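From a predicted model like this one, the values you see are computed outputs, not experimental measurements.
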Amino acid sequence: MVGAIASGKIADCIGRKGALIVAAIPSIVGWLAIAFTKNALLLYVGRLLTGFAMGAISFTVPVYIAEIAPKHLRGALGTVNQLSITIGIMLAYLFGLLVSWRLLAVIGLVPSVLLLIGLCIIPESPRWLAKIGRESDFEASLRALRGPDADISVEEDEIKTAVEANQQQTRFKISDLIERRYALPLTIGIGLLLLQQLSGINAIMFYGTYIFKSAGVSSSKVANLGLGAIQVVMTAFTAWLMDKAGRRLLLMISAGGMAICLFLVGLAFFLETHVTAASDETPYSILALTGVLVYIVSFSLGIGAIPWIIMSEILPVNVKDVGGSIATLINWLSSFAVTMTVNLLLEWSTSGTFWIYALVAAFTVLFVALWVPETKGRTLEEIQSSFQ
């Protein structure tokens with residue numbers, strides 16, 4: 001959460017690449033601390049450093065991708081970020097079956113080191129360079145991203161016009177966030193990232209072990225690896241589909257599927273508590289297992305990746321750092337809240353817990369239908385000017 005708060009200001013002051021460098025270094029130090037810890041204190045320090053890095057990266061990477069990608073590929077490239085996360089989770093499950101936790105921490109160093117090396121090669125965001133007035137670097141960055149023979153004149157003019165329009169306005173203040181042109185996109189971005197967590201993804205992942213065991217799956221670690229594999233396959237499919245189907249349609253299908261699955265999981269537990277069974281494995285546990293698997297498919301189809309993409313697309317460049325940090329912070333806070341309350345809710349009522357999450361997912365469908373604009377095939381400047 002600290003990383004989420006700080007990342008916006010850091011990205012504004014020293015650039016998107018600079019913010020990622022600031023995140024990569026504590027990540028490397030943190031994994032080393034975890035791998036070679038001799039006491040609990042060093043372990044906590046390592047977790048704090050890696051947590052800071054993840055908070056900063058979770059904001060900066062979607063923003064950087066949105067600012068460098070051409071409009072016809074922005075959705076697919078934005079989803080690659082979520083795909084990379086799901087691949088990392090799946091590999092963590094896999095290596096967790098094979099190696100000790102210390103060696104697993106050493107393996108965790110590899111992506112951070114590769115990130116640091118890669119940042120020495122990739123160009124800075126042209127939109128950030130235009131914002132701070134480095135015109136020659138802006139043109140060079142855009143040329144490097146689009147290719148030496150590409151015609152960048154139209155895109156260059158659009159970016160410059162948008163930046164000049166923002167600079168002609170009075171200096172941005174936090175109080176300006178109540179203005180419609182800022183409040184509406186910020187509300188949409190925060191709403192999507194909040195609903196993403198409140199629809200129970202962490203509860204499903206944490207409680208999945210019990211559901212698998214009740215359905216007769218003996219190895220929870222292997223089951224978690226299977227869930228990770230499903231997420232990878234479906235997120236890859238979403239990356240291919242994103243710029244064809246559009247954000248709104250995928251979000252509504254995803255949230256609707258999640259709502260149905262969560263209702264079925266809750267129904268399975270409700271029936272299981274009211275029907276005596278001779279064994280742990282019942283038709284109701286199979287229903288719960290099926291609901292969880294299809295829920296993961298539905299989540300990966302839209303709600304997993306698209307809120308981050310839309311947040312990075314709809315916020316104007318002059319408030320993206322502050323607004324994006326707020327949205328990212330609320331996402332992490334809501335994730336923490338779900339993690340801390342899920343056991344209390346499950347003790348109150350297992351079926352009721354999943355039905356609450358189902359209601360949130362159903363509300364997400366309504367929220368998308370009423371508030372979320374379609375951003376497929378539009379430049380960032382076109383999207384952001386629509387809120388004026």
Side-chain angles (χ1 to χ4, degrees), residues 1 3 23-24 26-58 61 80-116 196-197 200-237 265 285 288-289 291-297 299-300 304-305 331-332 335-336 338-340 342-343 346:
M1 288 185 282
S27 179
I28 292 171
V29 175
W31 283 120
L32 286 171
I34 293 170
F36 298 104
T37 183
K38 299 295 184 182
N39 53 59
L41 177 60
L42 196 56
L43 189 64
Y44 289 140
V45 170
R47 283 295 294 118
L48 285 171
L49 289 172
T50 54
F52 171 86
M54 292 308 103
I57 288 171
S58 64
V61 170
V80 168
N81 176 44
Q82 182 69 17
L83 176 62
S84 301
I85 293 170
T86 59
I87 291 173
I89 292 171
M90 185 186 70
L91 290 177
Y93 287 143
L94 177 61
F95 289 129
L97 294 171
L98 304 174
V99 303
S100 68
W101 64 268
R102 288 186 185 274
L103 183 54
L104 188 61
V106 173
I107 294 171
L109 279 170
V110 175
S112 301
V113 172
L114 291 176
L115 173 63
L116 201 55
Q196 178 196 64
Q197 293 298 329
I201 181 61
N202 284 340
I204 284 287
M205 296 302 288
F206 295 155
Y207 204 58
T209 298
Y210 171 78
I211 296 174
F212 283 125
K213 286 183 177 179
S214 68
V217 180
S218 57
S219 175
S220 60
K221 291 183 178 180
V222 173
N224 284 332
L225 178 61
L227 282 182
I230 291 172
Q231 283 190 291
V232 169
V233 172
M234 287 306 304
T235 306
F237 175 68
V265 172
S285 60
L289 174 60
V292 167
L293 294 175
V294 181
Y295 173 90
I296 294 297
V297 169
F299 178 84
S300 303
N331 179 267
W332 283 106
S335 174
F336 176 75
V338 170
T339 302
M340 296 302 293
V342 61
N343 284 331
L346 290 171

Seminar exercise, completed: Residues at least two apart in sequence or cross-chain that pass side-chain hydrogen bond (donor to acceptor under 3.5 Å, both in side chains) with S300, listed by chain then number, are none
Problem set entry | Contact check, side chains of T50 and W31, non-hydrogen atoms, under 4.5 Å | yes
Exercise. So, for A53 and S27, which heavy atoms are closest and what is the spacing to 0.1 Å?
Worked result: CB-CB, 3.6 Å
For this session: State, to 0.1 Å, how close S335 and N202 come at their nearest heavy-atom pair, and which atoms those are.
Result: OG-ND2, 2.8 Å
Problem set entry | V265 versus A288, closest heavy-atom pair with distance | CG2-O, 3.7 Å
Problem set entry | From S112 atom OG to L32 atom CG, the distance as rounded to the nearest 0.5 Å | 9.5 Å
Exercise. Between W101 and L43, what is the shortest heavy-atom contact and its length?
Worked result: CZ3-CD1, 4.4 Å
Seminar exercise, completed: Sorted by chain and number, sequence neighbours left out, side-chain contact (heavy atoms from CB on, under 4.5 Å) with V80 holds for S84
Exercise. Taking only residues two or more places apart in sequence or in another chain, which ones pass ring-ring contact (aromatic ring centres under 6.0 Å, His included) with F95?
Worked result: none
For this session: Say whether, by atom type as modelled, one donor and one acceptor occur between the side chain of S58 and the main chain of M54 under 3.5 angstrom.
Result: yes
Exercise. If you look at every heavy atom in I201 and Q196, which pair is closest and at what distance?
Worked result: CG2-O, 4.0 Å
Determine all donor-acceptor pairs shorter than 3.5 Å in which one atom belongs to a side chain in residues 102-109; sequence neighbours excluded.
residue, atom, partner, partner atom, Å
R102, NH1, A35, O, 2.9
R102, NH1, T37, O, 3.0
R102, NH2, T37, O, 3.0

Exercise. Side chains of M234 and I296: does their closest heavy-atom pair fall under 4.5 Å?
Worked result: no
Problem set entry | Check: Q197 and W332 side chains under 4.5 Å, non-hydrogen atoms | no
Exercise. Which heavy atom in L49 sits nearest to a heavy atom in P26, and how many Å separate them?
Worked result: CB-O, 3.4 Å
Seminar exercise, completed: Those residues at least two apart in sequence (or on a different chain) that pass side-chain contact (heavy atoms from CB on, under 4.5 Å) with F336 are M340
Which pairs of donor and acceptor atoms, one on a side chain in residues 85-94, lie under 3.5 Å apart (sequence neighbours left out)?
residue, atom, partner, partner atom, Å
T86, OG1, Q82, O, 3.4
T86, OG1, L83, O, 2.7

